[in-house]
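One structure is given here, and the rest of the page talks about it.
For this chain, numbers begin at 1 and follow the sequence in order. Counting convention: from 1, in listed order, for ligands and their atoms alike. Everything numeric here is computed off the predicted structure, so don't read it as measured data. Values below: all heavy atoms of this structure, side chains included; hydrogens, waters and symmetry mates excluded.
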Amino acid sequence: MTIRHLKTGKSESERAADDARVRATVEQALADIAARGDAAVREMAWRFDRHDPPSFRLSPSEIEAAMQKVPARDMADIRFAQAQIRRFAEAQKAALRDIEVETLPGVILGHRNIPVQSVGCYVPAGRFPMVASAHMSVLTAQVAGVPRIVASAPPVNGAPHPAIVAAMHLAGAHEIYVLGGIQAVGAMALGTETIRPVDMVVGPGNAHVAEAKRQLFGRVGIDLLAGPTETMVIATEDACDAEMAATDLLGQAEHGPNSPACLITNSLPLAEATLAEIDRLLSILPTRETAAASWRDHGDIYVCDSHEEMLGLANDLAYEHVQVITDRDDWYLENMHSYGALFLGPRTHVANGDKVIGTNHTLPTRRAGRYTGGLWVGKFLKTHSYQRITTDRAAALVSSHGSRLCLLEGFVGHAEQCNLRVRRHGGIDIPYGAPAPVQDMAE
Ligand SMILES: NC(=O)c1ccc[n+]([C@@H]2O[C@H](COP(=O)([O-])OP(=O)(O)OC[C@H]3O[C@@H](n4cnc5c(N)ncnc54)[C@H](O)[C@@H]3O)[C@@H](O)[C@H]2O)c1
Ligand SMILES: [Zn+2]
């Protein structure tokens, strides 16, 4: 490998120390919510968000009042975005089928896709009110058929953010809470005196939110670990220029001070020009304080010799967002196997994916793209199998193999479940705990 690392961010040990701090904070906070319920939630809401309303849950009239505050243009844009997200989610749902097949004469096997019965959708709003996250979680759960959808977002300037509330309500949330961070995720997952616990928590959030979900996994289901935003641009100089590469990197680096942004290119001139362009843009970008911190601590530029090297590196890093602006975008589409979502060609970009185009923006971070894709309607559906035997012959045949295979493992009680069927449906006598005979049950 002759990959040149033109610019690097924080070291591994610095990142591990950051992680350890977050882990400890979350562990303590969740234990407190489990022990003291609402009282702990209320204290945390005050400590982190200076929020202390009579009730964290919005009443129907508070929801209506919030909706009234959203300008008509914003409401129309929200409806447009939700229509796109619904369209794609419905198409994805249609690709998931319940099946029932006859694998042997008289042996019927099937599966059913059943919605999770209650979900808690976290909508982030610490730095930015992420209206779009309401569409991504709530609407997708609604399309999946989840019967109880709880949604929660932190207050913005001490009050529920009107457009977030509107988006949650339009998307089909049944309960809306104004709670942020660990207290929101913890309260939804563990339940309190006033909040009924859910079966699964979903949605993106900062490092505390992602860690809370990780620690709660098992107790409840989670969608995936969708922490601080990451963006990668894979660029060649004939397809991409420095202005585009720099704009697309900083466009996502502004999410928070720990949002990795990474350029992979085979062109040293493009790499150097992008570095200079980032400096220029950071002098004029209004959100430069965050974007500059992210770029300083978590920005990388790699210069490779070949497309194979670029591909290998991109798959290995498994970034959340991967923009491919090269002379062979389709080749990357075919060969990339680890990422959150791909954005192909110069006309496409992450901001549209974040807000409006219709694919889900809740995507795996920190290399989770190696083992999962992003949030989608399928994450809210559980695939459960069932079986049925409809003939005596099939009952005796399968159970005769079963009888012997159970005893191969020493399971006598299991074998008797089989033997009972061989006796009753095959008319063959087998001593208690003995293997079913082979000769009588030839296929
Ligand atoms: N991976 C994805 O799919 C995806 C999508 C969208 C957004 N995101 C990420 O979501 C994140 C949103 O983060 P945010 O912070 O703006 O909003 P957030 O809503 O996730 O977090 C805000 C909450 O964090 C809590 N908090 C703040 N400081 C704390 C501390 N020191 N200890 C404990 N809790 C604390 C507060 O309770 C506050 O309500 C960003 O990192 C963004 O990149 C990820
Ligand atoms: Zn974004």
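- The CG atom of Asp238 sits 9.0 Å away from the OG atom of Ser267 when rounded to the nearest 0.5 Å.
- The side-chain hydrogen bond (donor to acceptor under 3.5 Å, both in side chains) check on Gln92 picks up nothing, with sequence neighbours excluded.
- Under 4.0 Å is where a charged nitrogen must lie from a carboxylate oxygen, and between Asp77 and Arg73 at least one such pair does.
- The heavy atom nearest to atom 27 (C) of ligand 1, out of those in Val178, Asn206, Thr25, is found in Asn206.
- Using 4.0 Å as the threshold, Gln183 has a heavy atom nearer than that to some atom of ligand 1.
- Considering only non-hydrogen atoms, atom 6 (C) of ligand 1 lies nearest to Met130 out of Met130, Met136, His321.
- In this comparison of Pro257, Gly205, Gly180, the heavy atom closest to atom 11 (C) of ligand 1 sits on Gly205.
- Contacts with ligand 1 closer than 4.0 Å are made by heavy atoms of both the backbone and the side chain of Thr229.
- Distances from atom 44 (C) of ligand 1 to the heavy atoms of Pro155, Ala210, Pro228, Gly227 put Gly227 nearest.
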Pairs of donor and acceptor atoms involving the side chains of residues 331-347, under 3.5 Å and at least two apart or interchain, shall be tabulated with distances.
residue	atom	partner	partner atom	Å
Tyr332	OH	His307	ND1	2.7
Asn335	ND2	Trp331	O	2.7
His337	NE2	Asn315	ND2	3.3

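- Across the listed options Ile182, Val26, Asp49, Asp49 owns the non-hydrogen atom lying nearest to atom 39 (O) of ligand 1.
- Residues that satisfy the side-chain hydrogen bond (donor to acceptor under 3.5 Å, both in side chains) test with Arg87, not counting sequence neighbours, are Gln84.
- Aromatic ring centroids of His5 and Tyr302 lie under 6.0 Å apart.
- Here the CG atom belonging to Leu58 is positioned 11.5 Å from the CD atom belonging to Glu175, to the nearest 0.5 angstrom.
- The heavy atom nearest to atom 28 (N) of ligand 1, considering only Phe128, Tyr122, Phe48, is found in Phe48.
- Not a single heavy atom of Gly256 lies less than 4.0 angstrom from ligand 1.
- Contact annotation: for Arg127 versus ligand 1, heavy atoms closer than 4.0 Å belong to both the backbone and the side chain.
- When His208, Glu254, Arg47 are ranked by how near their heavy atoms come to atom 31 (N) of ligand 1, first place goes to His208.
- In this model, a donor atom of one side chain and an acceptor atom of the other lie less than 3.5 Å apart for Ser11 and Glu14.
- Distances shorter than 2.8 Å separate the Zn ion (ligand 2) from the protein N/O/S atoms Gln252 OE1, His255 NE2, Asp354 OD2.
- Thr192 and Asp38 share a side-chain donor-acceptor pair at under 3.5 Å.
- Contacts between Pro154 and ligand 1, counted as non-hydrogen atom pairs separated by less than 4.0 Å, involve the side chain only.
- Counting heavy atoms under 4.0 Å from ligand 1, residue Val209 touches it through the side chain alone.
- If you look at Glu320 next to ligand 1, the close heavy atoms, those under 4.0 Å, all belong to the side chain.
- With rounding to the nearest 0.5 Å, the separation of CD in Gln323 from CD in Gln252 is 8.0 Å.
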